[in-house]
Every structure is written in structure tokens, then in C-alpha cells.
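What follows is a set of notes on a single structure, which appears directly below.
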Amino acid sequence: MVDEFVAKVGSVTPDVNNSGNLDQFFSLKREGDQVKHALENYENDLENQYRTGTITREDYRKLEREIEQLEEVLDSASDRLEITFGIDD
């Protein structure tokens with residue numbers, strides 16, 4: 001999910017004539033927001049699993065760190081998207 005978004009951002013090329021750039025930017029931004037929301041939901045689910053004893057503290061901490069790393073990658077890709085299109089959102 002995150003890797004797919006990062007790949008899309010890495011391969012996007014704004015239109016030289018600016019036609020459609022805003023649409024393209026906001027479409028990718030929405031996609032990034034959806035990925036972020038999915039990570040947040042997963043994080044909440046993990047917290048619930050830990051609280052109910054479904055996963056151990058060690059597993060929870062390990063998965064929490066992995067989510068944090070994915071969020072950092074996602075944030076970097078979102079920053080790159082803004083730089084690519086010259087839009088500070």
C-alpha cells in the first residue's frame with residue numbers, strides 16, 4: 001500500500017503546460033490520505049488487540065515501530081509530491 005503510493009509519486013511527471021496538474025496533484029494527495037487513514041485504522045486495531053490480550057506487548061511494540069516507519073515513508077512521499085508539483089499543501 002505505502003510502497004505503491006511511493007512508486008506512483010516517484011514516477012509522476014507534471015504536465016509542462018500545467019493543464020491537469022492540480023487534478024493530478026489532488027488525486028494523488030487523496031490517495032496518500034487514504035493510505036494514511038488505513039495505517040491509522042491498523043494502528044488502532046493493533047492497540048485494541050493488545051488491550052484485549054490478542055497480541056503480546058512485544059508484538060505490539062514491534063508492529064507499532066513498523067507502522068511509524070511506514071508513516072515516515074508516506075510523509076516523505078507526500079512532501080516529494082508537493083515539491084514535484086510546486087504546491088505547498
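Glu82 is linked by a side-chain hydrogen bond (donor to acceptor under 3.5 Å, both in side chains) to nothing, counting only residues two or more places apart in sequence or in another chain. Partners of Asp23 according to the side-chain hydrogen bond (donor to acceptor under 3.5 Å, both in side chains) rule, which considers only residues two or more places apart in sequence or in another chain, do not exist here. Contacts of Glu72 classified as side-chain contact (heavy atoms from CB on, under 4.5 Å), with partners at least two apart in sequence or in another chain: none. Every residue two or more places apart in sequence or in another chain was checked for a side-chain contact (heavy atoms from CB on, under 4.5 Å) with Gln69, and none qualifies. Applying the ring-ring contact (aromatic ring centres under 6.0 Å, His included) criterion to Phe85, with sequence neighbours excluded, gives Phe25. Not a single side-chain contact (heavy atoms from CB on, under 4.5 Å) links Gln34 to another residue, sequence neighbours left out. Considering only residues two or more places apart in sequence or on other chains, Asp75 meets the side-chain hydrogen bond (donor to acceptor under 3.5 Å, both in side chains) condition with none of them. Judged as a salt bridge (Lys or Arg N to Asp or Glu O under 4.0 Å), and not counting sequence neighbours, Asp3 has no contacts. With sequence neighbours left out, the side-chain hydrogen bond (donor to acceptor under 3.5 Å, both in side chains) criterion links Ser27 to no other residue.
Connection of Leu63 to Val2 is not established within any shared hydrophobic cluster, with ILVMFWY side chains joined at heavy-atom distances below 4.5 Å, either directly or through further cluster members. In the hydrophobic cluster analysis, where Ile, Leu, Val, Met, Phe, Trp and Tyr join through side-chain heavy atoms closer than 4.5 angstrom, Tyr42 is grouped together with Tyr60. Hydrophobic clustering places Phe5 together with Phe26 (ILVMFWY residues linked when any side-chain heavy atoms are closer than 4.5 Å, directly or through intermediates).
Other residues, nucleotides and ligands place more than 12 heavy atoms under 6.0 Å from the CZ atom of Arg80.
The two residues Val6 and Ala77 have their closest heavy-atom pair at CG2-CB, 3.8 Å. Taking each heavy atom of Ala38 and Met1 in turn, the nearest pair found is CB-SD, 3.7 Å. Of all heavy-atom pairs spanning Val12 and Val9, the tightest one is CG1-O, 3.1 Å.
Here Ile83 sits alone; no ILVMFWY side chain lies under 4.5 Å from its own, so it joins no hydrophobic cluster.
Taken from CZ in Arg57 to CG in Asp59, the straight-line distance is 12.0 Å, to the nearest 0.5 Å. One distance of note links CD of Glu40 with CD of Glu43; it measures 7.5 Å at 0.5 Å rounding.
Looking at Glu58 and Lys62, no side-chain N of the basic residue comes within less than 4.0 Å of a carboxylate O on the acidic one, giving no salt bridge.
Among pairs with a residue in residues 7-21, those fulfilling salt bridge (Lys or Arg N to Asp or Glu O under 4.0 Å) read Lys8-Glu31, at least two apart in sequence or across chains.
Partner of His37 under the side-chain contact (heavy atoms from CB on, under 4.5 Å) criterion, chosen from Asn41, Asp33, Val35, Leu39: Asn41.
For the pair Thr13 and Thr84, the minimum side-chain heavy-atom distance is 4.5 Å or more.
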Please set out all donor-acceptor pairs under 3.5 angstrom arising from side-chain atoms of residues 46-53, sequence neighbours excluded.
{"from": "Glu47", "atom 1": "OE2", "to": "Arg51", "atom 2": "NE", "distance (Å)": "3.3"}
{"from": "Glu47", "atom 1": "OE2", "to": "Arg51", "atom 2": "NH2", "distance (Å)": "2.5"}
{"from": "Asn48", "atom 1": "ND2", "to": "Asn44", "atom 2": "O", "distance (Å)": "3.4"}
{"from": "Gln49", "atom 1": "NE2", "to": "Asp45", "atom 2": "OD2", "distance (Å)": "2.8"}
{"from": "Thr52", "atom 1": "OG1", "to": "Asn48", "atom 2": "O", "distance (Å)": "3.0"}
{"from": "Thr52", "atom 1": "OG1", "to": "Gln49", "atom 2": "O", "distance (Å)": "3.2"}
{"from": "Thr52", "atom 1": "OG1", "to": "Thr54", "atom 2": "OG1", "distance (Å)": "3.0"}

